[in-house]
J.: 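What follows is a structure written as structure tokens; I'll ask about it next.
Source: prediction; values computed, not measured.
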Amino acid sequence: MKDARKLITLIMVIAIFTVVLAACGNQAAPATGGGTSDEGTPVFQIGILQLVEHPALDAARDGFLEALNEAGINFEYDFQNAQGDTQVVNTIAQRFVGNNVDLVLAIATPSVQAMAAATEDIPIVGTAITSYERAGVVYSNEAPGGNVTGASDMNPIEAQINMIVEFVPGIETLGIVYSSNEANSVYQAELAKGIAEALGLTVVEGTVTTTGDVQQNTLSIANRVEAIFIPTDNTHADAMGIVGQVSIETGVPVFPGEENMVLGGGIATQSVNYFELGKQSGQMAVQILRDGADPATMPIQFAQTLNYIVNGFMVEELGIAVPARFADSIVNP
């Protein structure tokens, strides 16, 4: 009888313990939006949506974080990389909305478009975005009018095309290759074409939609022109090793719109400094989080720092003479 009572007691203890464990396992995760630190100061929750990882976008993200740290903002962040997949971009945007984050950093045009479509309430600060107006996420650069603002990586297209003319004297044909599904690239390509044609150059265009198209497209264009221009384009930035190899094989120099693309296999450019651009975006985020600024009334900012860069390895491989004024800009990757 005593043994039976002991057995019943043991069963009851096990049952109670099991219920407690189950209850613990089903506890809801704490909300990610808002909160305070041990000192009672706000801890802001920030979502970072990045289209793809490559040096320029990574540098912009690092600059953004540095600006927040320099301002003494108390924050936690959820960094999500979409690996270039637009469907994943949309999924991440919904995740941030569901988590009710305090602010989102959207890196690259598809990221800001997805976030703007997902929420009209959460403040969105963009970076590495060429034209917020063309992307359809603001009413105007001067008065965004909604929950989106940020810094533009609009490059000095005219200066870049003029560089090509200096590096390739007597050039008559220029290839322009870009991703047709990136609004930022399409816009820059249109500007580049107009500038090149005004200089009397014949322009041959080539477009891609994925990195898998890059090799064949670049080779096809290289066989028809004397030089190639690539705007700041995430698809090509992810495949500059392939572009550089085609350039060496054909002897046709490639002039990208961004310095890290130059280091990946291009010749030269005048480019936005993406770390500094990210800091500009971060400083705008500080105004929103700490000072209560309204994105609707915060004009889009433009890059304040531009760099010249020449790839020493590529100019030597192709036997290109570097104009004297760019001699101090040579870098050997």
J.: For Glu316, I'd like to know if atom CD has over 12 heavy atoms of other residues, nucleotides or ligands within 6.0 Å.
T.: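 Open.
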J.: Would the number of heavy atoms belonging to other residues, nucleotides or ligands and lying under 6.0 Å from OH of Tyr139 be above 12?
T.: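 No, OH of Tyr139 has 12 or fewer neighbouring heavy atoms, counting only those of other groups under 6.0 Å.
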J.: Can you tell me how far apart CG (Leu103) and CG (Asn147) are? Round to the nearest 0.5 Å.
T.: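 One gets 10.0 Å once the value is rounded to the nearest 0.5 Å.
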J.: How long is the gap from CD on Gln80 to CG on Leu49, to the nearest 0.5 Å?
T.: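 So the CD of Gln80 and the CG of Leu49 are separated by 8.5 Å.
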J.: Could you give the distance from CG (Asn162) to CD1 (Ile157), rounded to the nearest 0.5 Å?
T.: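 With rounding to 0.5 Å, CG (Asn162) is 11.5 Å from CD1 (Ile157).
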J.: When you look at CD of Gln216, are more than 12 heavy atoms from neighbouring residues, nucleotides or ligands closer to it than 6.0 Å?
T.: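 Atom CD in Gln216 is not packed in, count stays at 12 or less.
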J.: Step by step, would you call Asn273 with Glu259 a side chain to side chain donor-acceptor pair (under 3.5 Å)?
T.: CA-CA 8 Å; Asn273 182 309; Glu259 61 183 26; 5.1 Å; no
J.: Rounded to the nearest 0.5 Å, what's the gap from CG on Asn90 to CD on Gln113? Could you check?
T.: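 Rounded to the nearest 0.5 Å, the CG-CD separation comes out at 10.0 Å.
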J.: Between Asn155 and Gly257, which heavy-atom pair has the shortest distance, and what is it?
T.: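 That closest heavy-atom pairing would be ND2-O, 3.0 Å.
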J.: Should the heavy atoms of other residues, nucleotides or ligands under 6.0 Å from CD of Glu133 be counted, would the total exceed 12?
T.: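 More than 12 heavy atoms, drawn from other residues, nucleotides or ligands, come within 6.0 Å of this atom.
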J.: Examine distances only and state if a side-chain atom of Asp85 and a backbone atom of Ala82 form a donor-acceptor pair shorter than 3.5 Å.
T.: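 Not a single qualifying donor-acceptor pair exists.
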J.: Going by atom types only, do Asp121 and Thr119 share a side-chain donor-acceptor pair under 3.5 Å?
T.: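 There is no such pair (donor and acceptor under 3.5 Å, judged by atom type) between the side chains of Asp121 and Thr119.
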J.: Would you find a donor on one side and an acceptor on the other, under 3.5 Å apart, between the side chain of Asn311 and the backbone of Val262?
T.: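 Side chain of Asn311 to backbone of Val262, a donor-acceptor pair under 3.5 Å: yes, one is there.
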J.: Step through the shown structure and confirm whether more than 12 heavy atoms of other residues, nucleotides or ligands are within 6.0 Å of CZ on Phe75.
T.: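 Result for CZ/Phe75: enclosed.
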J.: Report, as yes or no, whether the 6.0 Å neighbourhood of atom CD on Gln215 holds more than 12 heavy atoms from other residues, nucleotides or ligands.
T.: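 No, the 6.0 Å shell around CD holds no more than 12 heavy atoms from other groups.
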J.: Please check if the number of heavy atoms outside Asp291 that lie under 6.0 Å from its CG is greater than 12.
T.: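 Atom CG in Asp291 is crowded, with more than 12 foreign heavy atoms closer than 6.0 Å.
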J.: Are there more than 12 heavy atoms of other residues, nucleotides or ligands under 6.0 Å from atom CD of Glu249?
T.: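 Check passes, neighbour count above 12.
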J.: Among Phe326, Phe167, Phe229, find the one that has a ring-ring contact (aromatic ring centres under 6.0 Å, His included) with Phe255.
T.: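 Passing option: Phe167.
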J.: Side chains of Gln188 and Thr232: any donor to acceptor distance under 3.5 Å?
T.: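 Per modelled atom types, Thr232 and Gln188 side chains form a pair under 3.5 Å.
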J.: Is it true that Val177 and Met314 fall in one hydrophobic cluster, defined by side-chain heavy atoms closer than 4.5 Å?
T.: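 No; Met314 is not reachable from Val177 via cluster members.
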J.: Going by atom types only, do Ser271 and Glu258 share a side-chain donor-acceptor pair under 3.5 Å?
T.: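 Ser271 vs Glu258: no donor-acceptor pair found between side chains.
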J.: Quick one: do Ile129 and Phe275 end up in the same hydrophobic cluster if we chain Ile, Leu, Val, Met, Phe, Trp and Tyr together by side-chain heavy atoms under 4.5 Å apart?
T.: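 Different clusters: Ile129 never reaches Phe275 through Ile, Leu, Val, Met, Phe, Trp or Tyr contacts under 4.5 Å.
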J.: So which atom in Val225 and which in Val252 form the shortest heavy-atom distance, rounded to 0.1 Å?
T.: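 Looking at all heavy atoms of both residues, the shortest contact is O-CG2, 3.9 Å.
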J.: Taking all non-hydrogen atoms of both residues, which atom of Val186 and which atom of Ser180 are closest, and how far apart?
T.: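 Closest heavy-atom pair between Val186 and Ser180: CG2-O, 3.7 Å.
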J.: Indicate yes or no for a side-chain donor-acceptor contact from Asp294 to the backbone of Ala296 under 3.5 Å, with no hydrogens or angles considered.
T.: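 Checked: pair present.
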J.: Look up atom CE in Met240 and atom CG in Asp233, then write down how far apart they are to the nearest 0.5 Å.
T.: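 Between atom CE of Met240 and atom CG of Asp233 there are 10.0 Å.
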J.: Answer yes or no: is there a donor N or O on one side and an acceptor on the other, between the side chain of Glu205 and the main chain of Ile176, under 3.5 Å?
T.: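 A pair under 3.5 Å: no.
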J.: Keeping the roles fixed (side chain from Thr269, backbone from Pro256), state whether a donor-acceptor pair exists under 3.5 Å.
T.: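 Yes; at least one donor-acceptor contact below 3.5 Å.
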J.: Would you call Thr218 and Ile242 a side-chain contact if the rule is heavy atoms closer than 4.5 Å?
T.: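 They are not in contact (no side-chain heavy atoms under 4.5 Å apart), so the answer is no.
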